[in-house]
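Read the structure below first, then the notes.
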Amino acid sequence: MNWRCMSTENTRVCVRMVGHKIEESYNESSKVQMSIMEMPLSDPPLCISCCPVNGDLLVGCKNKLVMFCLKYLVLNQDLTVLDFELSLILHIDNITPTEVAFCAGYIAVTTELDVLILKLESVQKSSDNTELYVNQIRAAEKLVDEGIKDEVPSAFSSQLETDDFVICQRPMELLGEESRLCGILVTLESVALAKEDTECFQVRYLLFRRFTPDLSSFVFSAEEAKLHSLQLLPMYQTGSFMTANENTTAKKELLSVFCFFSLPHIGYLYTIGNLIELLSTYQYSEKSQQAVLTPQFLHVITSNSLQCFTVRCSAAAAREEDLYIDTTMKACPPVSLDICALRMQLFIGLKTICHFSNHIILLTKADSEDITGRRKPSRRVLSRKADSVKLKSPPESEPGWNLYIVNTISTIQLYKEMVEYSKTYENVGTESCIHLLSEAHLLVRAALMDPSLMESEEREKLLAAFRESCAQLGDCYSRFDIKDYHLALPYYKMSGLSITEVLKRIDSLVEGGTQKYEKGFIFYLNHSLYEDLNEELSKESAAKVLQIFHLAEPNHLPHVLCSPFMKNVCPGMAMEILQEVEMIMPSVLLTLTKAAMALKMGDLKAYKNELDCYTEMRLACGFIGEPRLLRQQREGRIVPTELAIHLKETQPGFLVASMLALHENNKIELEEADSYFKMLCGKNEDTTPQLLVDFWEALLVAGPEREILPELLFKLTSQYIWRLSRKQLPDSKPLKTTEDLINSCNHYGLIFPWVTFMMSLGPACDKNPEDLSKVQSLLCGPSVDVASVLPFLELLSEDSNDGLSVHVLCTTRAGEYEKSIDKLLEKCPEALIPYAQHELKDENRALWWNRLLPELCKRTRYAGDDYSILLSSLKETLSIVAMELELRDFLNVLPDDGTAAFFLPHLLQCSKRKTVT
């Protein structure tokens with residue numbers, strides 16, 4: 001309906017056909033009018049449904065369903081009107097619908113005893129733009145194999161349906177793909193105008209259910225048998241909204257869809273979203289006439305009462321919305337929770353009911369004599385077929401009709417009443433208490449899933465009630481000795497309470513301090529003490545927790561004392577309790593915890609005595625049981641403990657071995673260890689302390705996983721080169737020498753003789769000889785990827801033999817032998833022959849005469865500082881080449897302008913070798 005101002009029209013109602021001359025109906029006017037739209041149909045309408053999500057209409061006729069799409073038409077800048085467009089017809093064979101429901105593409109249809117739920121799904125438009133496309137299921141052919149062919153209605157069954165026989169088909173429930181076997185053929189006919197944005201659909205079967213009438217009652221009529229109150233209920237994402245055109249408007253993001261339908265004495269609630277299953281059944285105390293489903297309640301009317309039941313829609317929708325529910329993070333009462341009947345209110349002659357917002361609208365007829373009396377049992381209504389729906393024409397005037405509008409109680413008030421009522425069961429009925437609190441929780445959760453709330457005072461009150469209900473459920477699961485005690489943890493987390501606040505709640509509920517702490521509370525404390533939360537218990541609260549675990553789970557005391565929450569615990573008290581426990585169950589972890597407490601007390605003698613109880617190896621392995629003795633996590637960062645800082649100063653090797661044990665047992669990642677050692681040594685992220693290098697070396701000696709080996713070698717090699725280039729000494733004495741690493745790790749190789757010879761030529765490396773020898777050893781080993789090291793070589797100068805040796809090692813490992821020869825000829829010709837003797841072998845042997853000999857011949861032509869060295873190298877090279885080549889080949893590699901007397905001895909040597917051969 002559109003109300004608009006019209007100046008010239010006198011009538012207050014404008015009647016028009018759907019989509020016909022809309023502009024003419026809305027001219028410049030000043031009077032208020034109501035627009036009525038007529039929708040022509042080829043068949044009489046039997047039922048109608050409006051989609052609560054987008055406003056589309058679905059009209060049920062015999063053997064067909066007709067869909068009208070809602071359109072918003074902008075006539076001018078200030079005027080937007082509504083219109084409908086006939087878009088789709090669903091032809092359904094042998095169906096006379098009594099009710100239809102339509103919601104966001106989901107379609108539900110009922111006959112007297114059958115329910116069929118379908119879903120329209122968008123598909124890609126075909127190339128030929130056909131307007132008629134079908135999705136047919138030849139059910140009768142498939143049912144032969146399924147053994148239920150006799151259940152499909154046929155002409156034969158209708159012939160048997162005479163005055164003497166009633167055909168009752170057996171009940172059936174088909175879910176998902178199985179519902180295609182229901183025997184109902186659906187054909188889609190697109191009747192919308194062909195446009196580029198016209199959607200094409202296909203049908204997916206979701207559910208089919210058939211009921212059999214209850215013949216146990218002597219009073220048997222259509223009212224006693226047929227289905228009623230078909231409804232599809234959408235639920236939306238919690239608090240979903242969008243911002244458009246600088247205005248914040250509610251946008252309903254569909255989350256789940258539920259379907260309800262009812263027989264006179266029992267109702268059924270299904271979820272038909274991602275999962276199709278029966279959620280709940282409702283048993284009525286007397287015959288129902290109509291029911292209406294809301295996200296919070298099911299309201300049912302009988303002839304003289306209004307009944308209210310709880311529903312599980314919010315529990316199912318919450319699990320669709322949040323995958324963390326049913327984990328240690330979040331919880332929600334189960335969908336299988338028993339249904340509660342909340343209230344019953346008496347009325348006389350109830351006829352129909354509907355629901356809007358927080359209002360229940362009831363229509364009654366007080367004249368009981370006008371109620372239809374008993375009729376002869378009609379066998380025709382037992383069939384799935386009906387020719388038509390005959391409507392009784394009411395008299396012109398009937399007395400006794402009344403309309404009631406009942407305001408439902410507010411969610412907050414009802415929640416408080418349910419919580420108050422649950423207290424009567426606290427000490428006598430544990431399950432009843434939890435059940436009532438769960439109902440109250442679901443009530444608030446359903447209210448919060450209303451997208452129209454947005455940011456309002458009411459929403460804040462609901463959120464406060466939600467947190468309070470979580471705390472109350474946490475109290476129940478922590479106090480009572482029940483099967484699901486572990487739910488105390490997620491409910492307390494959802495309540496937003498701190499550990500201190502939870503302790504106070506539990507203490508206030510313990511009468512006289514005599515009640516023991518149950519498994520739920522211990523479970524909550526145990527897990528919470530592992531959380532990375534910015535909270536520290538007071539000295540009194542920490543002592544309380546210590547006493548609780550001392551009595552309940554003494555073996556968990558080391559883990560409890562290592563929690564950041566327990567920072568303020570009295571170390572003397574903790575030491576006494578640990579000594580008592582150690583007498584019963586001694587362990588390495590307990591000893592380490594005692595050492596940490598002794599250090600916290602400042603008693604170094606007791607600290608040393610504790611560590612002397614076991615070898616360093618056993619102690620290092622003991623940290624695996626509780627890594628938080630060495631490192632803790634605060635605000636997402638790993639920080640060292642007081643014990644770790646003390647070990648760094650007094651026993652750095654023991655600390656590195658302990659961290660190595662943690663890494664090998666997946667208690668700390670390599671990147672985390674890097675940050676840990678930098679923080680321990682007071683270095684920033686760009687500086688690498690020697691203790692971290694010691695850890696890398698220890699990890700390499702221990703044999704790291706193949707995945708981190710290249711990264712580890714890169715870290716070490718780049719760090720060695722970086723310190724050499726800066727001539728920077730380590731900030732502490734290295735734990736292992738190069739010799740130690742070569743002897744214990746195959747990634748460190750024996751340093752090549754020519755490298756050792758180069759180092760002997762110049763002055764000893766007075767700054768960091770260990771770094772130089774370690775990087776030389778790694779490059780002489782088999783594992784380093786030289787390509788990753790080459791960018792760092794730019795930092796290292798070639799002017800000294802130290803840097804030159806590293807450069808030549810890298811180019812040699814890269815296979816660039818000629819480049820290495822050139823570097824040595826230029827910078828250190830003394831090492832040329834030792835290098836060639838070690839490296840130019842096998843497939844590289846030809847470089848003696850193809851590269852080395854020509855270069856030496858060329859450079860010895862000119863007198864210089866290195867003339868004698870080059871001349872000696874040339875003679876050595878000629879001796880080796882003469883032993884390798886044939887005489888003719890040897891002559892070919894000699895220079896044409898050389899002095900014959902110089903080369904003649906080598907020619908004679910080659911000739912003699914040939915003669916001997």
Side-chain angles (χ1 to χ4, degrees), residues 233-241 250 252 255-256 258 269 279-280 293-299 308-322 324-326 329-343 355 357-360 407-423 425-426 432-477 484 487-488 490-497 501 505:
L233 176 71
M235 292 197 73
Y236 307 96
Q237 293 277 359
T238 302
S240 57
F241 65 92
K252 301 176 180 179
L255 180 64
S256 302
F258 303 88
L269 177 62
L279 289 185
S280 310
L293 178 69
T294 72
Q296 293 178 305
F297 305 110
L298 175 69
H299 301 282
C308 180
F309 299 87
T310 58
V311 296
R312 300 290 167 257
C313 298
S314 59
R319 286 169 170 81
E320 290 279 346
E321 182 179 38
D322 195 339
Y324 285 101
I325 288 181
D326 298 326
M329 300 295 296
K330 297 181 182 179
C332 180
V335 175
S336 58
L337 189 69
D338 291 340
I339 298 299
C340 283
L342 293 183
R343 291 179 180 177
H355 172 269
S357 184
N358 62 331
H359 308 294
I360 302 294
N407 290 336
T408 58
I409 188 172
S410 70
T411 301
I412 297 296
Q413 183 179 346
L414 182 57
Y415 162 77
K416 291 179 179 179
E417 290 182 7
M418 297 175 76
V419 170
E420 189 65 29
Y421 187 54
S422 70
K423 293 179 181 178
Y425 295 97
E426 279 183 340
S432 299
C433 179
I434 293 178
H435 195 157
L436 281 168
L437 290 176
S438 297
E439 291 286 6
H441 178 88
L442 290 176
L443 186 72
V444 176
R445 188 184 281 273
L448 283 171
M449 297 186 82
D450 182 1
S452 63
L453 280 177
M454 301 191 59
E455 298 300 329
S456 63
E457 184 179 352
E458 181 184 2
R459 180 175 178 81
E460 292 303 317
K461 290 181 179 179
L462 287 171
L463 286 172
F466 178 80
R467 289 189 289 268
E468 182 186 356
S469 75
C470 291
Q472 290 163 343
L473 284 169
D475 292 342
C476 289
Y477 286 110
D484 296 326
L487 292 176
Y491 277 120
Y492 274 141
K493 280 186 178 180
M494 294 162 64
S495 71
L497 296 174
E501 291 170 330
R505 288 178 69 94

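Along the sequence shown, the residues carry numbers beginning at 1.
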Could you work out, with side chain to side chain donor-acceptor pair (under 3.5 Å) as the rule, every residue matching [X], not counting sequence neighbours?
X	answer
Y491	none
D338	none
E458	none
E320	N274

query = Side chain of Q296, backbone of L443: donor and acceptor closer than 3.5 Å?
reply = yes
task = Answer yes or no: is there a donor N or O on one side and an acceptor on the other, between the side chain of T411 and the main chain of V444, under 3.5 Å?
result =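 Pair absent, no side-chain N/O of T411 close to backbone of V444.
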Got a sec, which residues hit side-chain contact (heavy atoms from CB on, under 4.5 Å) with [X], two or more places apart in sequence or on another chain?
X	value
A315	R319, C332, V335, L442
L436	Y421, S422, Y425
S438	P333, L337, I434, L473
H355	V292, T294, I360

message = For a 4.5 angstrom cut-off between non-hydrogen side-chain atoms, does L342 reach E439?
response = no
query = Would a 4.5 Å heavy-atom cut-off, applied to side chains only, mark S410 and N358 as touching?
reply = no
Looking only at heavy atoms, what is the nearest atom pair of [X] and [Y], with distance?
X	Y	answer
A488	Y477	N-CB, 3.6 Å
C340	R312	N-NH2, 4.5 Å
A331	L487	CB-CD2, 4.1 Å
S256	A317	OG-CA, 3.8 Å
F258	A316	CE2-CB, 3.8 Å

Rounded at 0.5 Å granularity, tell me how far [atom1] in [X] sits from [atom2] in [Y].
X	Y	atom1	atom2	result
D475	L437	CG	CG	9.0 Å
L293	L298	CG	CG	6.0 Å
R505	L497	CZ	CG	5.5 Å
K461	I412	NZ	CD1	7.5 Å
S314	M449	OG	CE	7.5 Å
I409	L414	CD1	CG	5.0 Å

note = Y324 meets the ring-ring contact (aromatic ring centres under 6.0 Å, His included) criterion, sequence neighbours left out, with none
ask   = With H299, which residues qualify under ring-ring contact (aromatic ring centres under 6.0 Å, His included), at least two apart?
value = F297
request  = Verify the ring-centre separation between Y415 and H441: is it less than 6.0 angstrom?
outcome  =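 Centroid separation for H441 and Y415: 6.0 Å or greater.
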Side chain to side chain donor-acceptor pair (under 3.5 Å) assessment of Y236 paired with D450 = CA-CA 7 Å; Y236 307 96; D450 182 1; over 6 Å; no
message = Please list all pairs meeting salt bridge (charged side-chain N to carboxylate O under 4.0 Å, His left out) that have one or both residues in residues 409-420, counting only residues at least two apart or in different chains.
response =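 Found R343-E417, E420-K423.
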key: Contacts of D484 that satisfy salt bridge (charged side-chain N to carboxylate O under 4.0 Å, His left out) - sequence neighbours left out   = none
